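Take a look at the structure below.
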Amino acid sequence: MRTLMAIVTVAAACVPPAAALETTRQLIQNGAPRLALDRVQQLQPRDPKDPRGPEWETLRFSLLATLGRDEEVLARAAALPPALPERELREALTMAVRAAVAAGRGPLARRYAARALWELNAGADETRVLRLAVIESYVAERDGDAAFRAMLRFQQDYQPLDRGVAARFVEALLDLGMEHEAVNWLASLDDAGAAKLLLRLRANLVSAESALAEARTRLAKGADAGYWRVIAEAGARQG
């Protein structure tokens with residue numbers, strides 16, 4: 001086994017850098033992120049001045065994030081090479097923000113987001129992703145007031161609000177017991193979505209009996225499992 005690994009390592013070292021990167025990306029496209037990460041660990045240049053170093057580092061970040069290895073993402077983010085180009089640095093920080101949210105480290109997520117937004121001139125798509133991640137960080141900390149304020153600012157800047165985002169805002173606020181604030185997005189919700197019916201139930205805009213009947217009808221037609229939550233809450237109200 002050791003002999004085989006040695007042969008593989010030597011063979012990998014002989015692959016031209018450009019071809020090595022391309023082969024590693026092909027592994028990702030073929031659904032083999034673990035093999036791709038092993039390859040990155042073998043072939044990523046150790047010299048910080050290597051011109052292809054930033055590409056390898058960004059690829060490593062992406063693979064660690066894909067595999068859910070959040071603490072490793074954060075460890076590498078804390079030691080990012082100072083010479084990393086701005087674009088690659090923004091990408092790495094964006095992945096670090098998501099990892100920090102997933103790891104329940106909200107303040108760290110917001111610190112990285114602020115750096116990407118204000119120091120590195122994040123583009124429009126990156127800015128949207130980062131702002132949503134900041135909202136999620138507040139939700140994870142159960143800081144409803146901060147989350148709600150951030151949601152309102154997001155809505156002002158991204159009108160009309162995407163229905164999926166509106167549903168996520170409502171679900172988060174309902175989990176925080178803030179149904180009155182969630183009503184702000186009632187009109188933005190999909191009529192066929194469970195979030196709208198649950199919000200109407202919580203806001204006393206529909207009776208428990210009506211909500212229960214509608215949820216059962218939706219589920220019978222193959223609707224999403226969110227309607228089970230409506231059934232549970234409507235049933236609890238009925239005793």
Side-chain angles (χ1 to χ4, degrees), residues 70 94 97-114 116-118 122 124-239:
D70 300 320
T94 298
V97 170
R98 290 171 171 165
V101 172
R105 299 172 65 178
L108 180 61
R110 294 190 289 275
R111 188 158 67 246
Y112 282 143
L117 287 167
W118 308 119
D125 291 340
E126 290 171 319
T127 296
R128 185 177 184 278
V129 168
L130 288 166
R131 290 181 62 177
L132 286 172
V134 167
I135 292 170
E136 292 291 349
S137 76
Y138 286 126
V139 171
E141 292 176 340
R142 304 196 66 77
D143 188 344
D145 290 338
F148 180 57
R149 289 194 300 270
M151 290 174 186
L152 290 175
R153 288 193 294 270
F154 187 92
Q155 182 186 32
Q156 289 175 351
D157 295 336
Y158 294 96
Q159 293 193 35
L161 196 64
D162 178 82
R163 281 187 172 182
V165 173
R168 176 56 194 140
F169 286 0
V170 167
E171 290 165 359
L173 291 170
L174 290 177
D175 285 340
L176 294 169
M178 300 173 68
E179 51 270 6
H180 294 300
E181 289 80 0
V183 170
N184 281 276
W185 291 283
L186 179 62
S188 301
L189 296 175
D190 184 353
D191 289 336
K196 188 162 192 173
L197 183 55
L198 183 60
L199 176 54
R200 290 173 62 217
L201 177 62
R202 286 275 189 95
N204 296 315
L205 298 174
V206 63
S207 68
E209 292 78 8
S210 297
L212 193 59
E214 183 176 342
R216 285 173 171 166
T217 300
R218 297 280 188 184
L219 283 169
K221 294 180 179 179
D224 68 82
Y227 280 101
W228 284 109
R229 185 177 177 187
V230 177
I231 288 177
E233 187 150 335
R237 290 187 177 216
Q238 290 182 313

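These numbers come from a predicted model, not from an experiment.
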- Task: Check the pair Val165 / Phe154 against side chain to side chain contact (heavy atoms under 4.5 Å, CB included), numbers first and verdict last.
- Result: CA-CA 10 Å; Val165 173; Phe154 187 92; 4.0 Å; yes
- CA sep, side-chain torsions, deciding dist, call: Phe169, Leu161, side chain to side chain contact (heavy atoms under 4.5 Å, CB included): CA-CA 11 Å; Phe169 286 0; Leu161 196 64; 4.0 Å; yes
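With sequence neighbours excluded, no residue forms a side chain to side chain donor-acceptor pair (under 3.5 Å) with Thr217. The salt bridge (charged side-chain N to carboxylate O under 4.0 Å, His left out) check on Asp175 picks up Arg229, with sequence neighbours excluded. In terms of the side chain to side chain contact (heavy atoms under 4.5 Å, CB included) criterion, residue partners of Leu117 (sequence neighbours excluded) are, by chain and number, Ala122, Thr127, Leu130. Remark: Arg110 engages Ser137, Glu141 in a side chain to side chain donor-acceptor pair (under 3.5 Å) (not counting sequence neighbours). Residues forming a side chain to side chain donor-acceptor pair (under 3.5 Å) with Arg131 (at least two apart in sequence, or on another chain): Asp157. By the side chain to side chain contact (heavy atoms under 4.5 Å, CB included) test, Gln238 is found to be paired with Ala208, Glu209, Leu212, residues two or more places apart in sequence or in another chain being considered. The side chain to side chain contact (heavy atoms under 4.5 Å, CB included) check on Leu219 picks up Tyr227, Trp228, Ile231, with sequence neighbours excluded. Applying the side chain to side chain donor-acceptor pair (under 3.5 Å) rule to Glu233 yields the partners Arg202; only residues at least two apart in sequence or on another chain are considered.
Applying the salt bridge (charged side-chain N to carboxylate O under 4.0 Å, His left out) test to every pair with at least one member in residues 144-153, sequence neighbours left out, gives no pairs at all. Legend: side-chain hydrogen bond (donor to acceptor under 3.5 Å, both in side chains) pairs involving residues 161-173, not counting sequence neighbours, sorted by first then second residue: Glu136-Arg168.
Under the 4.5 Å side-chain criterion, counting only non-hydrogen atoms from C-beta, Val101 is not in contact with Tyr138. Residues Arg218 and Val230 have side chains not in contact (no heavy-atom distance under 4.5 Å, counting atoms from C-beta outward).
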Please tabulate, one pair per line, all N/O donor-acceptor pairs under 3.5 Å involving side-chain atoms of residues 190-200, not counting sequence neighbours.
from   : atom 1 : to     : atom 2 : distance (Å)
Asp190 : OD1    : Ala192 : N      : 3.0
Asp191 : OD1    : Lys196 : NZ     : 2.6

Please table the atom pairs, donor to acceptor, closer than 3.5 Å between any side-chain atom in residues 178-188 and protein atoms at least two apart or in another chain.
from   : atom 1 : to     : atom 2 : distance (Å)
Asn184 : ND2    : Glu181 : O      : 2.7

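The two residues Ala211 and Leu201 have their closest heavy-atom pair at CB-CD1, 4.1 Å. In plain terms, the two heavy atoms of Ile135 and Ala150 that are nearest each other are CG1-CB, 3.6 Å. Across all their heavy atoms, Gln159 and Gln156 have their closest contact at NE2-CA, 3.8 Å. When all heavy atoms of Val134 and Ala113 are compared, the closest pair comes out as CG2-CB, 3.7 Å.
The distance from atom CG of Leu108 to atom CZ of Arg111, rounded to the nearest 0.5 Å, is 5.0 Å. For the atom pair CG of Asp70 and CZ of Arg105, the computed distance is 10.0 Å after rounding to the nearest 0.5 Å.
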